[in-house]
Amino acid sequence: MTPAGPRSSRAMDREEQGRRRKLKEIEELGFRPWPNRFATTHAVASVLSQFDGASAEALESMPETDRTVRVGGRVTALRSFGRAAFLQLLDGGTAIQVHIRKDILPRPQFLATRRLDLGDWIGIEGSLFRTRTDELTIKATSFTFLAKAFLPLPEKWHGLSDRDTRYRKRYLDLLSNPATREVFRRRAAIVTSMRRSLDDAGFLEVETPMLQPLATGAAARPFSTHHRALGIELFLRVAPELYLKRLVVGGFPRVYEINRNFRNEGLSTRHNPEFTMLECYRAFSDCGDMMELTEAILRAAAATVLGGEAADFDGARIAFHEPFVRRSLIEITGEALASRGILLEPAALRRRAPLVEAHRALDLVPPPAATAGKLLLGLFEALVERTLIQPTFVTGYPVEVSPLSKADPDDPALTERFELFAGGLEIANGFSELNDPDEQAARFGEQMARRQAGDEHAMDWDYIEALRHGLPPTGGVGVGIDRVAMLFTGSKAIRDVILFPHLRPRESR
RNA sequence: GGGCCGUUAGCUCAACCAGGCAGAGCAACUGACUCUUAAUCAGUAGGUUGAAGGUUCGAUUCCUUCACGGCUCACCA
């Protein structure tokens with residue numbers, strides 16, 4: 001009779017059948033089992049904000065109508081006595097206590113409250129008062145049944161703690177763990193703050209294709225799919241970058257997009273196959289301007305979410321309100337090598353042989369056929385990245401690992417590019433955008449020549465054509481929203497800041 | 001892919017080291033109770049101990065393999 005799930009057990013069947021029986025009994029008392037609407041006067045949170053300051057006496061002296069509210073919510077606790085009960089109503093993450101009395105509620109309504117289970121949705125009208133323990137409470141004058149929960153809530157004291165279940169059944173995590181609700185409120189506040197910063201600075205929010213004929217803008221393995229009507233293969237984007245720059249060509253000098261990118265690579269505590277990135281582009285700006293913009297956006301988000309306090313992350317206090325440190329990639333990597341007894345002149349940090357030698361000395365395997373720039377970046381990632389706890393801009397990336405960045409006019413082997421690190425995580429990546437179409441075509445060509453798997457790096461001739469129409473000097477930056485959310489919520493795992501992270505599908509749970 | 005840890009009632013966990021009737025709290029069910037808040041009190045029910053195999057008189061416990069998960073390392077612009 002019940003849709004028994006694959007996980008159903010005898011105990012669960014009994015539980016669910018008991019709840020179905022009680023729904024029937026509530027129906028027999030004259031209630032509609034699944035009503036369509038309940039008109040509330042307040043959210044529970046607004047009841048609290050409006051009345052939490054009122055003392056017992058103040059409430060008492062108010063006219064009844066001034067302290068009468070109608071609220072809806074989920075029953076999360078139920079303490080029942082003979083002719084009275086207290087229950088806790090959770091609405092939008094905020095709870096309020098409701099007092100039920102047999103001598104106040106109409107008889108069928110009182111009887112229906114005796115048939116409630118934890119998890120049920122109900123509506124209450126009543127007047128506010130304070131209990132002997134001074135808790136703001138609604139004395140119910142009217143009870144409405146709104147919806148039945150056939151399945152029980154997670155354990156009330158420990159909440160839901162199994163990580164796997166928390167990710168797979170996030171709704172249970174959210175309704176039983178206030179800390180989880182706070183993480184996702186903060187995440188939303190971060191995004192809202194970033195939007196406000198950019199909107200206020202005259203940026204236009206746009207949406208560019210997630211289904212792309214070529215997966216461009218980053219060197220990552222894409223997901224592929226098929227368009228039936230067009231009969232073509234499409235890729236889920238790995239970055240929106242080249243489309244956003246087309247918009248600058250088209251005359252939108254300030255654009256940004258906040259949305260998902262997809263990379264078909266390994267999962268880790270720092271990587272989810274789909275992740276959210278803010279990318280923004282500003283005409284007439286360079287790498288240095290974008291560092292300032294990035295710092296300002298993050299500072300504003302930190303002020304909103306953390307109130308100007310440092311972020312607690314992995315045992316560190318990360319000060320987004322202080323000026324961000326700036327270091328050159330070559331210098332900081334050279335220092336890290338020196339501290340391990342590997343002394344290399346700055347010039348040697350640009351040549352393959354000494355860098356390969358450094359890898360060997362550190363028991364690292366140098367990637368085959370890697371360029372000097374790639375080797376240097378490998379050493380940086382192995383030795384330095386995790387140590388950058390306070391917000392740090394690293395600048396001066398080799399041209400071979402930065403195919404979309406403009407070269408530094410004073411040092412053509414390097415580009416005007418930065419990456420921002422904090423808490424040991426890469427947070428942002430920005431640069432002066434390469435706008436010379438011939439140079440860009442040549443860089444793409446080098447990339448393709450260097451990769452065996454040519455399909456990963458097709459030449460985007462359409463983008464080159466856009467550049468041939470003229471891209472003004474432009475600065476761009478991408479900010480990893482998930483990583484920022486990790487830092488601002490103290491979450492060590494990216495899965496903790498993604499509502500429905502990707503997990504291996506499960507047959508029987 | 002490697003290492004470590006884990007999988008026992010609906011949930012959170014004991015029992016395992018040193019093999020001997022599988023337990024507690026919460027949730028559920030019955031009853032009492034008109035200011036409780038992890039309500040309380042009395043009672044009831046609830047188990048293929050992740051799966052398969054092995055050792056043993058006897059396995060939740062020891063061994064092997066597998067599945068799933070966590071942490072971590074590696075891989076991964």
Side-chain angles (χ1 to χ4, degrees), chain A residues 5 7-19 21-22 56 76-89 95-105 110 117-119 129-137 139 149-169 172 176 217-221 238-239 241 261 263-271 273 363-365 367 370 373-374 377-378 380-382 385-386 397-398 400-405 417 419 426 429 447 451 456-457 478 480 492-493 495 503-509:
Chain A
R7 188 83 198 300
S8 77
S9 66
R10 253 163 300 187
M12 284 298 278
D13 286 347
R14 249 201 313 280
E15 171 79 37
E16 178 161 358
Q17 269 156 35
R19 285 167 176 253
R21 194 191 67 237
K22 283 193 260 186
T76 54
L78 183 54
R79 295 177 288 278
S80 170
F81 305 84
R83 298 173 191 82
F86 287 92
L87 54 83
Q88 198 168 52
L89 202 59
I96 193 164
Q97 181 168 264
V98 174
H99 187 36
I100 302 286
R101 292 175 65 106
K102 192 180 183 182
D103 57 4
I104 292 178
L105 275 183
F110 178 77
D117 286 303
L118 297 186
F129 75 109
R130 284 190 183 274
T131 62
R132 276 176 207 162
T133 51
D134 209 35
E135 177 163 350
L136 188 66
T137 302
K139 187 175 295 181
F150 286 148
L151 298 177
L153 295 174
E155 207 259 2
K156 71 175 176 189
W157 193 12
H158 300 91
L160 181 65
S161 60
D162 180 70
R163 293 182 86 85
D164 194 53
T165 309
R166 286 180 45 212
Y167 298 144
R168 287 180 196 275
K169 302 189 191 300
L172 295 179
S176 58
R221 212 168 308 155
V238 295
E241 172 150 358
N261 296 317
R263 297 188 182 178
N264 204 343
E265 285 161 8
L267 290 78
S268 80
T269 49
R270 290 178 285 278
H271 299 85
D363 276 335
L364 297 170
V365 182
K374 174 85 180 135
L377 195 59
F380 169 81
E381 286 169 0
E385 183 169 333
R386 302 294 169 83
Y397 282 71
E400 315 94 88
V401 295
S402 312
L404 301 167
S405 311
R417 175 182 171 193
E419 289 193 316
E426 181 192 336
N429 179 19
Q447 291 279 303
R451 311 272 165 168
E456 281 181 38
H457 283 277
K492 280 180 68 182
R495 284 173 170 180
L503 303 167
R504 191 183 302 276
R506 189 166 255 203
E507 276 139 45
S508 65
R509 220 180 223 265

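No hydrogens, no waters, no symmetry mates; every other heavy atom, side chains included, goes into these values. Here is the naming used below: chain letters follow the sequence lines, and residue numbers restart at 1 for every chain.
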How close do [X] and [Y] get, heavy atom to heavy atom, and via which atoms?
X	Y	value
A:Ser80	A:Ala85	CA-CB, 3.8 Å
A:Leu118	A:Arg19	O-NH1, 2.9 Å
A:Tyr397	A:Ser402	CB-OG, 3.5 Å
A:Gln97	A:Thr137	NE2-OG1, 3.1 Å
A:Glu15	A:Pro152	CG-CD, 3.8 Å

Looking at [N], which nucleotide sits across from it as a Watson-Crick or G-U wobble partner, both distances under 3.5 angstrom, or is there none?
N	answer
B:A28	B:U44
B:C68	B:G6
B:A22	none
B:U49	none
B:A39	none
B:A14	none
B:G58	none

Nucleotide of [options] approaching [X] most closely (side-chain heavy atoms):
X	options	answer
A:Asn429	B:A77, B:U36, B:U34	B:A77
A:Arg417	B:A77, B:C33, B:A27	B:A77
A:Pro152	B:U30, B:U34, B:A27	B:A27
A:Leu118	B:A27, B:U30, B:C35	B:A27

Please report, rounded to the nearest Å, how far the [atom2] atom of [N] is from the [atom1] atom of [X].
X	N	atom1	atom2	value
A:Ile96	B:U36	CD1	P	18 Å
A:Asp134	B:U36	CG	P	14 Å
A:Leu87	B:U34	CG	P	17 Å
A:Leu78	B:C33	CG	C1'	14 Å
A:Arg79	B:U40	CZ	C1'	12 Å
A:Ile100	B:C33	CD1	P	18 Å
A:Arg19	B:C29	CZ	P	8 Å
A:Phe129	B:U34	CZ	P	16 Å

Between [M] and [N] - [atom1] atom distance, rounded Å:
N	M	atom1	result
B:A74	B:U56	P	45 Å
B:G31	B:G70	P	44 Å
B:C62	B:C26	C1'	33 Å
B:G47	B:C41	C1'	28 Å
B:G43	B:C57	P	43 Å
B:U72	B:A15	P	26 Å
B:U44	B:A9	C1'	15 Å
B:U60	B:G19	P	14 Å

Any donor-acceptor N/O pair, A:Arg263 side chain to A:Val238 backbone, under 3.5 Å: yes
Is A:Arg417 reaching over with its side chain to a backbone N or O of A:Asn429, donor-acceptor style, under 3.5 angstrom? no
Does B:C29 have OP1 or OP2 under 4.0 Å away from a side-chain N or O of A:Lys22? yes
A:Arg168 vs B:G69: side-chain N/O to OP1/OP2 distance below 4.0 Å: yes
Would you indicate what [X] reaches in the nucleic acid, counting non-hydrogen atoms under 4.0 angstrom: base, sugar-phosphate, or nothing?
X	value
A:Glu381	nothing
A:Pro398	nothing
A:Tyr397	nothing
A:Glu426	nothing

5' priority, RNA chain B, between A:Arg101 and A:Asp117 [closest heavy atom]: A:Asp117
Are any non-hydrogen side-chain atoms of A:Ile96 and A:Gln88 less than 4.5 angstrom apart? no
Kindly indicate whether the side chain of A:Lys374, heavy atoms from C-beta on, has any atom under 4.5 Å from the side chain of A:Glu400. no
Aromatic ring of A:Phe86 stacked on base six-ring of B:U36, 5.5 Å, 30°: yes
Ignoring hydrogens and geometry beyond distance, is the side chain of A:Arg83 in donor-acceptor contact with the base of B:U34 at under 3.5 Å? no
Do any N or O atoms of the protein come closer than 3.5 Å to N or O atoms of nucleotides 70-76 of chain B, and which pairs are they?
| unit_1 | atom_1 | unit_2 | atom_2 | d |
| --- | --- | --- | --- | --- |
| B:G70 | OP1 | A:Arg495 | NH1 | 2.5 |
| B:C76 | O2' | A:Glu265 | OE1 | 2.9 |
| B:C76 | O2' | A:Glu265 | OE2 | 3.2 |

Hey, what do you get for CD (A:Glu419) to CG (A:Leu377), rounding to the nearest 0.5 Å? 7.0 Å
